[in-house]
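Everything below concerns the one structure shown next.
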Amino acid sequence: MSHSSDQAGPGGVERFETRLVRFEACPGDPHRATATPIYQTATFEQESALEFGEYDYTRSGNPTRAVLERQLAALDGGGRALAFASGLAALTAATRLLEPGDELVAGDDLYGGAYRLFARVASERGVRVRYADLADPEAAERAIGPRTRLVHVESPTNPLLRIVDLRRLASVCRRQGARLLVDSTAMSPYLQRPLELGADIVLHSATKLLNGHGDVTAGALVVRDGELGERLAWTQNAEGAGLAPLESFLLLRGLKTLAVRVDRQQRTALEVARFLEGHPLVGQVRFPGLAGHTGRAVHERQASGPGVVLSFQTGDVPTSARLVEGLRRFSIAVSFGSVQSTASLPCRMSHASIPSEVRAARRLPEDLVRLSIGLEAAEDLIADLERAIGEAAAGRRPEPAAAEASGAAF
Ligand code: PLP
């Protein structure tokens with residue numbers, strides 16, 4: 001796979017890894033701090049009642065967030081980025097581009113919270129929402145028409161890890177006059193930069209890989225074009241969903257280690273995926289790094305690595321539940337992309353907000369187990385899985401029994 005792109009910087013062409021740590025962290029700082037200060041202030045004093053400085057009120061703009069936004073734009077190859085209080089706040093701002101009567105086409109394997117936002121918030125504003133398997137190019141051609149204003153897609157999708165040909169989808173969108181928004185959370189700009197593939201908007205739940213430490217919720221939108229950036233910035237201020245200074249600082253800190261974290265985590269993820277693939281009690285291992293993964297060739301053209309998330313099946317829900325509950329080196333948690341490994345049952349947790357009949361129609365297996373691989377040693381994770389799979393298959397529950405998984409509120 002090709003690796004991180006080069007970009008011209010002040011000292012010539014710089015690799016992505018260099019740009020993660022060498023950027024203008026403290027513009028105008030009189031003390032020449034090397035880490036971005038946290039401007040923990042709500043307001044900024046004005047020279048006079050009629051003269052405004054660069055900043056006046058943190059909801060509208062804050063120097064710490066501004067450094068983060070410039071860095072996010074640069075890393076994704078965009079002209080402008082906006083940082084939000086969460087990935088869903090970022091997605092909400094993007095859906096504000098739609099007027100009542102406009103059509104939104106979304107990929108049908110998507111994060112449960114995005115589904116709920118489309119079904120319960122955007123639809124109630126009069127936006128017409130349709131779903132299609134956008135990993136199938138013919139289905140995508142059929143679904144996107146002249147009334148479509150926005151197309152929302154993940155690649156790889158979550159949790160089925162389906163691969164969408166983003167370049168091809170971008171050209172369908174362009175032909176129909178629709179904007180393409182790619183939720184690239186599972187990849188981060190280190191592995192995939194959708195603006196370079198023709199997308200109009202990139203969305204990240206920065207809660208995941210970008211921050212990487214499981215201690216911040218944040219989201220980002222990155223766009224190429226100034227006018228679109230201005231509209232989204234207007235919404236960010238009008239709706240008050242911008243990221244706070246402390247979280248902006250934490251995210252800037254987490255971002256610096258993105259490449260080393262992802263390199264190591266995805267190497268371990270491949271080892272775990274190969275172990276699971278060879279295990280007689282495990283079925284349908286989905287991971288873009290595996291040779292037989294559907295769409296792998298497309299993924300390799302548009303991304304430089306498989307990521308850190310994989311999923312598999314056990315054959316029935318009780319076995320999957322016992323397995324997840326029996327793991328000791330994975331936290332049972334809804335998120336992914338952290339330095340700590342997590343395990344989840346998407347249908348009961350992150351995707352519980354998708355009604356069960358919709359999940360069934362989309363062939364989202366109820367027994368699906370999703371793993372996010374962290375920085376633990378591969379051997380430790382594999383040993384933990386081997387034991388937990390054996391115990392789960394034998395029908396043994398861990399003692400004491402973990403609480404019933406229920407994540408409908410996420
Ligand atoms: N997009 C994807 C792919 C996600 O998995 C999530 C959350 O899990 C979101 C968006 C929403 O992000 P957040 O939880 O930061 O609001």
Side-chain angles (χ1 to χ4, degrees), residues 68 72 76 81-95 104 106-122 134-135 150-164 166 181-189 191-192 194 199 201-222 236 239 241-244 247-248 250-251 254-255 286 288 303 307-311 331-338 342-354 364 368 370-373 407-410:
L68 171 68
L72 290 169
D76 248 307
L82 287 315
F84 290 85
S86 69
L88 278 184
L91 185 56
T92 303
T95 62
L104 163 69
D108 65 2
D109 184 31
L110 78 173
Y111 168 57
Y115 175 87
R116 179 180 52 203
L117 181 74
F118 297 158
R120 304 278 298 280
V121 183
L134 299 178
L150 185 68
V151 172
H152 170 279
V153 75
E154 299 175 21
S155 185
T157 66
N158 169 25
L160 294 176
L161 286 312
R162 287 201 201 119
I163 306 300
V164 176
L166 296 176
L181 180 153
V182 176
D183 180 336
S184 205
T185 298
M187 290 280 96
S188 86
L191 299 181
Q192 177 173 277
I201 307 174
V202 177
L203 181 140
H204 295 286
S205 168
T207 315
K208 314 293 188 306
L209 282 173
L210 291 185
N211 180 59
H213 292 71
D215 51 12
V216 167
T217 58
L221 295 176
V222 191
Q236 183 198 47
E239 297 193 332
L243 192 64
E247 275 71 13
S248 298
L250 287 169
L251 184 46
L255 262 177
R286 297 170 170 91
V308 307
V309 176
L310 56 99
S311 61
S331 312
I332 305 178
V334 284
S335 200
F336 63 84
S338 172
T342 56
S344 69
L345 293 183
C347 290
R348 305 297 157 99
M349 298 169 68
S350 54
H351 291 62
S353 45
I354 302 177
L364 187 58
L368 195 76
R370 186 182 74 185
L371 299 181
S372 171
I373 302 302
F410 285 97

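First listed ligand is number 1; within each ligand, the first listed atom is number 1.
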What is the nearest protein non-hydrogen atom to [atom], stated with its residue, atom name and distance?
{"atom": "atom 7 (C) of ligand 1", "value": "Lys208 NZ, 2.7 Å"}
{"atom": "atom 9 (C) of ligand 1", "value": "Tyr111 CD2, 3.4 Å"}
{"atom": "atom 3 (C) of ligand 1", "value": "Asp183 OD2, 3.4 Å"}
{"atom": "atom 12 (O) of ligand 1", "value": "Ser205 OG, 3.0 Å"}

Spacing of [X] atom [atom1] and [Y] atom [atom2] [to the nearest 0.5 Å]:
{"X": "Phe84", "Y": "Thr217", "atom1": "CZ", "atom2": "OG1", "answer": "13.5 Å"}
{"X": "His204", "Y": "Leu91", "atom1": "NE2", "atom2": "CG", "answer": "13.5 Å"}
{"X": "Ile163", "Y": "Glu154", "atom1": "CD1", "atom2": "CD", "answer": "11.5 Å"}

Under 4.0 Å from a heavy atom of Asn158: which atoms of ligand 1 are those, numbered in the order shown and with their elements?
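Answer, ordered by atom number: 3 (C), 5 (O).
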Taking 4.0 angstrom as the limit and counting only heavy atoms of Phe336, give me the atoms of ligand 1 inside it, by number and element.
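Those qualifying, in numeric order: 5 (O).
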At a 4.0 Å cut-off, with the gap strictly under it, does some heavy atom of Thr217 reach an atom of ligand 1?
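So Thr217 does not count as touching ligand 1.
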Pick from Leu110, Leu88, Thr157, Thr207: the one approaching atom 16 (O) of ligand 1 most closely through a non-hydrogen atom
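The nearest heavy atom belongs to Leu88.
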Within-4.5 Å side-chain heavy-atom neighbours: Met187 and Ser155
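Of all side-chain heavy-atom pairs linking Ser155 with Met187, none is under 4.5 Å.
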Does a side-chain heavy-atom distance below 4.5 Å link Ser338 with Asp215?
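Sidechains of Asp215 and Ser338: no contact.
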Does any N or O of ligand 1 fall below 3.5 Å from an N or O anywhere on Gly87, backbone included?
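Yes, since at least one N or O of Gly87 sits under 3.5 Å from an N or O of ligand 1.
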